[in-house]
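Each chain gets a letter, A, B and so on, in the order its sequence line appears, and its residues count up from 1.
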Protein chains: 2
Amino acid sequence: MGNLKVAKAHIRAENERIILDAAEAIFARHGFRGSTMQMIADQANLPKANVHYYFASKKELYRRVVEQIFGIWLQAANSFEQSDNPAEALRRYIEQKMEISRLRKNGSKVWANEVINGAPIIQDFLENQLTEWTDGRIEMIQKWIDDKKIRPINPRWLLYMIWATTQHYADFTHQVETLNAAEPLSKEQWEDATETVFQIIWAGLVPKSGT
Amino acid sequence: MGNLKVAKAHIRAENERIILDAAEAIFARHGFRGSTMQMIADQANLPKANVHYYFASKKELYRRVVEQIFGIWLQAANSFEQSDNPAEALRRYIEQKMEISRLRKNGSKVWANEVINGAPIIQDFLENQLTEWTDGRIEMIQKWIDDKKIRPINPRWLLYMIWATTQHYADFTHQVETLNAAEPLSKEQWEDATETVFQIIWAGLVPKSGT
DNA sequence: ATCAATCTTGACTGATTGGTCAACTGTGTT
DNA sequence: AACACAGTTGACCAATCAGTCAAGATTGAT
């Protein structure tokens, strides 16, 4: 009796995963309106009607994709934990965000698309979780400043700088690769870029020296 | 005789401008597929058929919008001229790019949208003009490094950092404003953000001191 | 006044697409 | 074997939208 539900739930969970992954890829490449349920169905290797069996509407499917991305984003955010060693905290956060840009390009692109278009779907996320998280980190950075661990700059602009720089490698992958002789960045290039981003920002925060 | 053509050309030029501006605003908010010719026509206060009189197809209109943006981008690029004073050149370039982010949000958003989606329309721009320009600037930055005017970093990642950081304020306006109590950034905030971006990057490039 | 050219516009059309539906399949339980 | 129920699927429909068209308005030159 319970077995039946579990077995069925397993199929459901698996198909939902397949469809969500397909949808993320399609939404990333074509945006919300540019993606069709048929494209997503093809990407998932399922008939369109079957996609609608699992997700009532295109909007619902999109919302699920964006929610999933926000979850990953928050996870990375945690790597930026309370710490009185700014260099370590910043390094960890930048590395984490660059890693997400490398491995979860599609998610980042969907998120960017959503925000560029005024966040019609996930405005509540921005207003609640994101605002709360940002305020917390700003306080933390301010404390570093008060303790003279870094130079006095506006913490908010620093955060935006880190977000922008790291996400650039996901959102603008196409541009980055075009400027890299149409090749994806190699492992070495990713590491070098990450290190450079950290080095410039960190040296920019502390007048004395690097690392 | 010539007069006729001039008079007509004037009307044409004016209407084309109105439509291009309207299209830029609509494409920025809704992306290519999300925008309808009807929306653009309404924004321009013209009947839809009239828009089609000036621009044969939606794609052509879009291409014209993107080309216009690329022109502005190149113009800013020129402010980053050959100079053996890195601090001055960088400051000028960052200020210019932040100014564009402030005044030409829509253009930047359309560009971002286009690149995120794999640049289906303007791939040739990326491959030619952008590649050429980028290579030139990289050489220039490398020279600064060789002359020990700035620390040895990979010039390419520095350029991406500047692009990403400055364009963030245009592309992610909605997020920035949500995190600013739903208010646009004030004149002072724009100036402060610009100065902070420059200060961090510049101090990050030169271990010795600021400015 | 006449004419030719540009410009304007409401009405229409063919193609696309989100979503529905009813018939069907497979599986595990009794 | 009979049944219940999750899952599958092709065919269909109503809405939307890019683009067309043909009839008319405007303008300026002669």
Legend entry - Close side-chain approach of A/R33 and B/F32, heavy atoms under 4.5 Å: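 With C-beta onward as the side chain, the pair stays apart.
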Legend entry - Side chain to side chain, A/I72 and A/W111, heavy atoms closer than 4.5 Å: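 They are not in side-chain contact.
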In terms of relative ring orientation, are [X] and [Y] parallel, tilted or perpendicular, with 30° and 60° separating the classes?
X: A/Y160; Y: B/H168; result: tilted
X: B/W202; Y: B/F198; result: parallel
X: A/Y62; Y: A/F27; result: perpendicular

Could you state the [atom1]-[atom2] distance from [X] to [N], rounded to the nearest angstrom?
X: B/Y62; N: D/dA18; atom1: OH; atom2: P; answer: 14 Å
X: A/L46; N: D/dG10; atom1: CG; atom2: C1'; answer: 15 Å
X: A/I40; N: C/dT17; atom1: CD1; atom2: P; answer: 12 Å
X: B/N50; N: D/dG19; atom1: CG; atom2: C1'; answer: 14 Å
X: B/I11; N: C/dT6; atom1: CD1; atom2: P; answer: 12 Å
X: A/N45; N: D/dT9; atom1: CG; atom2: C1'; answer: 15 Å
X: B/L61; N: D/dC17; atom1: CG; atom2: P; answer: 16 Å

Strictly below 4.0 Å: does [X] bring a side-chain N or O up to OP1 or OP2 of [N]?
X: B/N15; N: C/dT8; value: yes
X: A/R12; N: D/dA6; value: no
X: B/Y53; N: C/dC7; value: yes
X: B/Y54; N: C/dT8; value: yes

Legend entry - Test applied, ring-ring contact (aromatic ring centres under 6.0 Å, His included); reference residue, B/W133; option that passes from B/F125, B/W73, B/F70: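 The single option meeting the ring-ring contact (aromatic ring centres under 6.0 Å, His included) with B/W133 is B/W73.
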Inset, instruction - Please determine if B/E24 and B/R29 form a salt bridge, counting it only when a charged side-chain N lies under 4.0 Å from a carboxylate O. - result: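 The answer is no: the pair does not qualify as a salt bridge.
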Listing time: all N or O pairs from protein to nucleotides 18-21 of chain C that are below 3.5 Å?
{"residue": "C/dG18", "atom": "OP1", "partner": "A/S35", "partner atom": "O", "Å": "3.2"}
{"residue": "C/dG18", "atom": "OP1", "partner": "A/K58", "partner atom": "NZ", "Å": "3.1"}
{"residue": "C/dG18", "atom": "OP2", "partner": "A/M37", "partner atom": "N", "Å": "2.9"}
{"residue": "C/dG18", "atom": "N7", "partner": "A/K48", "partner atom": "NZ", "Å": "3.3"}
{"residue": "C/dG19", "atom": "OP2", "partner": "A/K58", "partner atom": "N", "Å": "2.6"}
{"residue": "C/dG19", "atom": "N7", "partner": "A/K48", "partner atom": "NZ", "Å": "2.7"}
{"residue": "C/dG19", "atom": "O6", "partner": "A/K48", "partner atom": "NZ", "Å": "2.7"}

